[in-house]
Amino acid sequence: MDHVVIIGNGISGVTAARYIRKLSNKQITIISAESDYFFSRTALMYVYMGHMKFEHTQPYENWFWKKNKIDLVNGFVKTIDTDHKTLVFENGNTLNYDKLIIATGSKPNKFGWPGQDLNGVLGMYNKQDLENLEKLAPNNKLCKRAVIIGGGLIGIELAEMLSSRQIPVTFLVRESSFWNGVLPEGESTMINEHIKSHHIDLRLSSNLKEIISDENGRVKSIIIKETGEEIPCNLVGLTAGVSPNIEFITSSKIETNRGVLVNRYLETNIPDVYAIGDCAEQREAIGNRKPIEAVWYTGRMMGEVIAQTICRNKMTYNPGHWFNSAKFFDIEYQTYGWVFAKPKENHAHFHWKHADNTKCITIEYNTITHEFIGINTFGIRMRHETFDTWLTEKRTIDFVINHLSDANFDPEFYKRFENDILATYKNQLQNV
Amino acid sequence: MNKNLEESMSLAKPNAQDLTVSQKTAVFIGVLGLFIFVLALFNVSFPNRGLTISVALGSIFIGVFIFSNAAYLNTSKGIKNDGVWFKSISSRGVLGWAIGIILTLFYIVLYFYPQYLGLASKGASNTGLIALFDPLSLLLSGRPASQWFVYGTLYTLAILVFGYKFILKYRHNRYQQLRTVSVMFFQLGFAFLIPEFMARLNESPHYNLPYYDLKSMWPLNYYLFDGWSINGFLSSGTLGLALLIFGVLSVFVVSPILTYKYGKRWYCSWVCGCGALAETAGDSFRQLSSKKLSAWKLERWLIHTVLVFSVIMTISVIYTYLGSDPDKFWLTRSAFLLSIGILLTSVFAVVMLFKRQELGKDARYGAIGYFIIIAALFIMHYTGTTDKIFLIKSSSLRSAYGLYIGSIFSGVVGTGFYPILGNRVWCRFGCPMAAILGFQQRLFSKFRITTNGGQCISCGNCSTYCEMGIDVRVYAQKGENIVRSSCVGCGVCSAVCPRGVLKLENRNLKNRINSRDILLGNDVDLIDLIKR
């Protein structure tokens, strides 16, 4: 009986384990140094905000693992000896595997800023970060101000977390507008306004120069590169993106670049060793996707696929139409298909925004064929299945705009905006 | 829970939502109103009871009004669950336990020792708290107050004031707002005012109407078919007969149609009084319901046992009633039993024929078991000699049901334990009406909660805030729709979801239950998948 060992108990690793169990009777072991049981990383923010307790972030009750014969090991793998198919743990223990799945996820980026390792500086990624945050910023008496470096999805979540305890937040964003490497201008501007409406001190086009220490090695302040301004603070959150958490692998024979290099079967260069989730790097990017996708959904999909391959149904990782979602304070965001910050060649954007500045949509389409390429929607929920079908059927933007109500997923009795959107659309066409 | 987190949580008070000045004022005003009730309880005699009761009710009203405005009106529109698990009242802290104990004791006194509240013994006039409510009762129905009038008034007040708070909390969500307006309307009109006005009618010798809350259906309204109740209806002319017919139609015709179209939510979270209290005053406790699989198992056995108990009890009560004067009614005992037998058998047969595959193993065993018990009792009636159907005297059955289910389960445990077990303990584990509606919702209804493709991130907000203890996430993260008998359709899972994954819908029956092997978004070759 094959022994499948999975390093990492995040969504990728756990999905792989669950599907392998569904498909086979193999021995399964999941290793993690972070937590005893699988929890939803995306939910950590709600623990700090008091919406949930940590136990609520665990999707399966603790008996689940034993009942499904999935062994859980709490340990930190130090090296992988692929010649002998052996894992060596930090404490000297070893474990043999027949198939190895690397699903170790990401770690927060640090760009060599002076003071980046001081006490009071943290990322917001794993459970230990949450525990640190509880200690460093339990309330606004002990943490009088926090500075967040990096304007992405984790940065804005950390800002929301801290402001739920009424800790003043300064939010340093390198770009000229929030997340405008991904979001088109209209949307990015709207989110800027929304961030400010939540009393966040948003600093655009601002980089970190250095973090200053007090006499005890704790964060005292930071300095902004552009202005030289010093901002006193008790906490610095580093949220300038994440990168694959693969340090322990680089000494092994497994080939790595920024992540663990895999082919479309999610196989590494070593037989019987696979990598999935945030830590995997495709040798060649798939479509418009990045070679490394640090997204919950793609991690889950890779887990679903690798289970098939391991259970003798070899399958390529073949993600369908791109989709994603996030929430910026009170504004929900969903995306289906591709909407680029600036329209690609022969593409254009149709943009509609509600007067209250909390709802908008952007549709990217081909100006020659009128093919619908993708939609970003803010403050209006849309149906995944409907857009997935429309993308497959290569519908035109006219069709999409005229059938938008079929895709609406807002709760019953919500105000609808399809007519308004249609009117704006017709208006803009006339002006072209 | 992780030890480190527990420790660090206690480092300092994490809840930054300190009370504002206006909230402190609001607390003062509200507590003042409550304090008047306490004084009345200790038999302090107020010079002008009409004025005093108005001041007491008014200040509670104003207190909650100001408090809610301060809590929500100055914040952005959106989900307001910050600090729920830090606050003592909503996380089984000292405040939560204290309120739970006070409520429980209140219910015990209310049901079993109403004299402590000042209920008059025959002929005397009320004292204490109940006397304080006399002016209001005289105004509405012309009768002095009873413990039930006091309870009804406070119950309605709680729904109105906390309903207002709930509407502000969900300023961005029209489903929540309309639903709350609806329960406030039905409580105030149907449960509180109309029965009082019906009592006015009884001043005329032509009317002898029993207390009847029109929206409260059998079997939740387990006394609807009691002898005194039926006698009351039948001795109240056309109106009485119409009301009785309405009572029968509402459970056998109106309810099945509405439940087919909208699910049980049309009743449980839009109309019902128990639901109304749970959704308004109980909203702060919804996260306390247990989501364990074991709790679900217990729920299924318990609620259906209560249903069977209530059915047997009611059959037996009506059976006895029909026998009391055989010439009085066109309906004979045998005809009655026969029609009930046919009804129950056809429900059982239809489910076993068409929906067998949708029943869990325990549901099948349970259904067959209960069916055998009821069938055996019928057989015993027809072959036996005993005059007592089901071996036990109907009056003993009836009083046991009233005591254990009607009073202790629905009142003392159901509401008293809000801050400990969550706000839907009765609805989830005990209510026979919920069992009937849920049974239909699970098998014959267009209602479901749709999961939005592959968008779930397993965060757990939906499960945490499900008052019925449904582990919503289990379905959402598999891309499956949620079709559960216990779901009351409150819509909070959909509201708290940060990714727009859940939507309450009434759509066609096909594909209502949609388990899938691979979630949407992953283009695996499905032919490949099947080959394996």
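Below, chains carry the letters A, B, ... as their sequence lines are ordered, and counting in each starts from 1.
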**Q** Run the side chain to side chain contact (heavy atoms under 4.5 Å, CB included) test against Thr464(B) and tell me which residues pass, sequence neighbours left out.
**A** Met52(A), His56(A), Trp85(B), Gln287(B)
**Q** Do Lys24(B) and Ser22(B) pass the side-chain hydrogen bond (donor to acceptor under 3.5 Å, both in side chains) test, and can you show the C-alpha distance, the side-chain angles, and the key distance before you say yes or no?
**A** CA-CA 5 Å; Lys24(B) 286 172 192 161; Ser22(B) 54; over 6 Å; no
**Q** Looking only at heavy atoms and a cut-off of under 4.5 Å, which of Ile11(A), Thr316(A), Asn324(A) has the most pairs with chain B?
**A** Asn324(A)
**Q** For the pair Glu61(A) and Lys67(A), find out whether any cationic side-chain nitrogen is under 4.0 Å from an anionic carboxylate oxygen.
**A** no
**Q** When heavy-atom pairs shorter than 4.5 Å are enumerated against chain A, which of Gly491(B), Gly453(B), Gly78(B), Gly521(B) gives the highest number?
**A**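 Heavy-atom pair counts peak at Gly521(B).
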**Q** With chain B, which of Met382(A), Arg300(A), Arg312(A) has the greatest number of heavy-atom pairs at distances under 4.5 Å?
**A** Arg300(A)
**Q** Could you look at Ser463(B) and say if it's the side chain, the backbone, both or neither that has a heavy atom under 4.5 Å from chain A?
**A** neither
**Q** Using non-hydrogen atoms and a 4.5 Å limit, figure out which bit of Thr450(B) sits close to chain A: side chain, backbone, both or neither.
**A** both
**Q** Could you give the distance from OH (Tyr19(A)) to OG1 (Thr15(A)), rounded to the nearest 0.5 Å?
**A**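 Interatomic distance, Tyr19(A) OH to Thr15(A) OG1, rounded to 0.5 Å: 7.5 Å.
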**Q** Taking only residues two or more places apart in sequence, or in another chain, which ones meet His321(A) in a side chain to side chain donor-acceptor pair (under 3.5 Å)?
**A** Thr392(A)
**Q** Tell me, side chain or backbone of Tyr297(A) under 4.5 Å from chain B's heavy atoms, or both, or neither?
**A** side chain
**Q** Look at Asp471(B), Val474(B), Leu502(B) and state which one has the largest set of heavy-atom pairs under 4.5 Å with chain A.
**A** Leu502(B)
